[in-house]
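The structure appears right after this line, and notes come after that.
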2 protein chains.
Amino acid sequence: MRVSAKADYAVRAAAELAAAQKEEAPVKGERLADAQDIPLQVLEHILLELKHHGIVRARRGAKGGYWLARPADEVTVAEIVRAVEGPIAHVQSTPPEDIEYRGNAEHLQAVWIAVRASLRTVLEEVTLADLVSGELPSVVGDLTASPDAWVAR
Amino acid sequence: MRVSAKADYAVRAAAELAAAQKEEAPVKGERLADAQDIPLQVLEHILLELKHHGIVRARRGAKGGYWLARPADEVTVAEIVRAVEGPIAHVQSTPPEDIEYRGNAEHLQAVWIAVRASLRTVLEEVTLADLVSGELPSVVGDLTASPDAWVAR
DNA sequence: CGCACTCCTGACCAAGAAGGTCAGGAAAGT
DNA sequence: ACTTTCCTGACCTTCTTGGTCAGGAGTGCG
C-alpha cells in the first residue's frame, strides 16, 4: 500500500514536461533531473517507460529532449502510475475481481474493489494540467480539507 | 500500490476470528489455516504480529488458540493492514506530509495526501463485523455500485 | 508429575523488486 | 566528422516477500 520512488519520480518529471509544454521545444533529460532532483540515469529509464506507454515522446541529438505526447489536461496521474508500477491495487499480484474468497472472508473482495475504486476516484481525476496549475479537482479538495488527513496514523 | 499476501491473509484470518467470537472458546491456528487456505506457519507469524499490536489474544496448550482482543465491530480493516504492512500510502517510505516538493510538482503532496485519505475512508470504515455479516458500510456500496469498478484498467 | 498440545520465536532461504550505476550504441543536428 | 542526447541492456546491492525449519515455552489433563 505504498507509492514507489519510481512512481513519484515519474509524476514529478511529467509535471515538469506539462509545464514546459507551451515552450514548443523538447526538454532535455538533464534539465528534468535537475529540476526535480532525480538521478539522471534513473530518470532516463523512467522516461523510456513513459515513452513506451505513449505518454511522452522524445528526440535524440542536439536540440533533442522529451515532451508530452498529449495535452497536459488529457494525461492523468493514474496513467503515469500504471505505466511505471503496473496495475493499481492488485492483491498478491492478481486483480481483486479474479479472487475467490471463502468462508467468512467472502465479502473481502468487495472491500478490495472499493479500495481500488477509491484510488481511481483520485488518480484518474487529477491531470498534469491540474497538478501544475494547482487547481486540483474538488475530490482532492474535499479529501484534504480536514486537518486529520494531514496527520499520520 | 498493491495489497500484500500478508495483509490479505491477516484480514481473512481476523474475519474468521470475528465469526467465532460468539463461541466463547479460542480458535486453533490450524482451523484458521484450513478455513482460509493459508500456510499454517505463515499464519502463525501473522497472528503473532496481530497479537503484538493488541488486536488478537492467544493462549497455548490444549484448549488454546486465538481470539479477538475486542468486539468485532471495534476492529477495522485499516488496523489490521497497518499491523502487518506498516503505514498506509507512504511515498518512498516517508509519510506524504513530510515530503517537500519543488518546482512544478509542488502540488503533488496534496494528491498523495488525498490518496491516503481516500484509502482511509474505506479501510477505517469497514469493521470485521461488517465483513462477516456482509453488511458493508455505504461508502463501499457506493464505490462498488458501478460495473466500472469491477473491471481492470 | 508427566505429557500432549498449541502457541512463540528466531534463523534461514529462494526469488524478486527497488533503487541505482555503468557502459556502449544509435539517431539527430551542426 | 563530431557532438549532443536519447536508448538499451547488463549489472549491483539492499530490502521485501512468501515461505519453511527447528526448537523453546506456557497450558491443561490424566
Would you mind reading off the distance between [X] atom [atom1] and [N] atom [atom2], rounded to a whole angstrom?
{"X": "Met1(A)", "N": "dT17(D)", "atom1": "CE", "atom2": "P", "answer": "13 Å"}
{"X": "Arg60(A)", "N": "dA28(C)", "atom1": "CZ", "atom2": "C1'", "answer": "9 Å"}
{"X": "Ile46(B)", "N": "dG18(D)", "atom1": "CD1", "atom2": "P", "answer": "9 Å"}
{"X": "Asp37(B)", "N": "dG18(D)", "atom1": "CG", "atom2": "P", "answer": "16 Å"}
{"X": "Leu43(A)", "N": "dG19(C)", "atom1": "CG", "atom2": "C1'", "answer": "14 Å"}
{"X": "Glu44(B)", "N": "dT9(C)", "atom1": "CD", "atom2": "P", "answer": "11 Å"}
{"X": "Leu50(B)", "N": "dC7(C)", "atom1": "CG", "atom2": "P", "answer": "14 Å"}
{"X": "Gln41(B)", "N": "dG23(D)", "atom1": "CD", "atom2": "P", "answer": "13 Å"}

Joint hydrophobic cluster, Val132(A) plus Leu128(A), side-chain heavy atoms closer than 4.5 Å:
no

Report, as yes or no, whether the 6.0 Å neighbourhood of atom CD on Glu97(B) holds more than 12 heavy atoms from other residues, nucleotides or ligands.
yes

Flag if over 12 foreign heavy atoms under 6.0 Å of CD, Glu74(B)
yes

Please, which pairs that meet side chain to side chain donor-acceptor pair (under 3.5 Å) have at least one residue in residues 137-149 of chain A, sequence neighbours excluded?
Asp148(A)-Arg153(A)

Could you work out, with side-chain contact (heavy atoms from CB on, under 4.5 Å) as the rule, every residue matching Gln41(B), not counting sequence neighbours?
none

Go through residues 17-32 of chain B and report each residue with a non-hydrogen atom lying under 4.0 Å from DNA chain D, sorted by number.
none

Kindly state which residues belonging to [range] come within less than 4.0 angstrom of DNA chain C, counting heavy atoms of the residue only, listed by number.
{"range": "residues 63-71 of chain B", "value": "Gly65(B), Tyr66(B)"}
{"range": "residues 78-94 of chain B", "value": "none"}
{"range": "residues 5-16 of chain A", "value": "Ala5(A), Lys6(A), Tyr9(A)"}

Point-to-point distance, once rounded to the nearest 0.5 Å, from CG of Leu32(B) to CG of Leu17(B):
5.0 Å

How many angstroms lie between OG in Ser118(B) and CD1 in Ile113(B), if you round to the nearest 0.5 Å?
11.5 Å

What residues form a salt bridge (Lys or Arg N to Asp or Glu O under 4.0 Å) with Arg31(A), not counting sequence neighbours?
Glu23(A)

Among residues at least two apart in sequence or on other chains, which ones pass salt bridge (Lys or Arg N to Asp or Glu O under 4.0 Å) with Asp98(A)?
none

When you measure from the side chain of Ala58(B), which nucleotide among dC7(D), dC7(C), dG19(D) comes out closest?
dC7(C)

Would you call Leu108(B) and Asp8(A) a side-chain contact if the rule is heavy atoms closer than 4.5 Å?
yes

Let me know which of Asp130(A), Leu136(A), Val11(A) forms a side-chain contact (heavy atoms from CB on, under 4.5 Å) with Val111(B).
Leu136(A)

Pick out which of Arg57(A), Glu24(A), Gln21(A) makes a side-chain contact (heavy atoms from CB on, under 4.5 Å) with Trp67(A).
Arg57(A)

Tell me, please, which residues at least two apart from [X] pass side chain to side chain donor-acceptor pair (under 3.5 Å).
{"X": "Ser4(A)", "result": "Glu85(A)"}
{"X": "Gln36(B)", "result": "Arg12(B), Glu16(B)"}
{"X": "Lys6(B)", "result": "Glu49(B)"}

Which atom pair, heavy atoms only, marks the closest approach of Leu143(A) to Ala114(B)?
CD1-O, 3.6 Å

Can you pull every protein N or O that's under 3.5 Å from an N or O on nucleotides 10-16 of chain D?
none

Where each residue is assigned the nucleotide of DNA chain D containing its nearest heavy atom, which of Arg2(B) and Arg59(A) is assigned the position nearer the 5′ end?
Arg59(A)

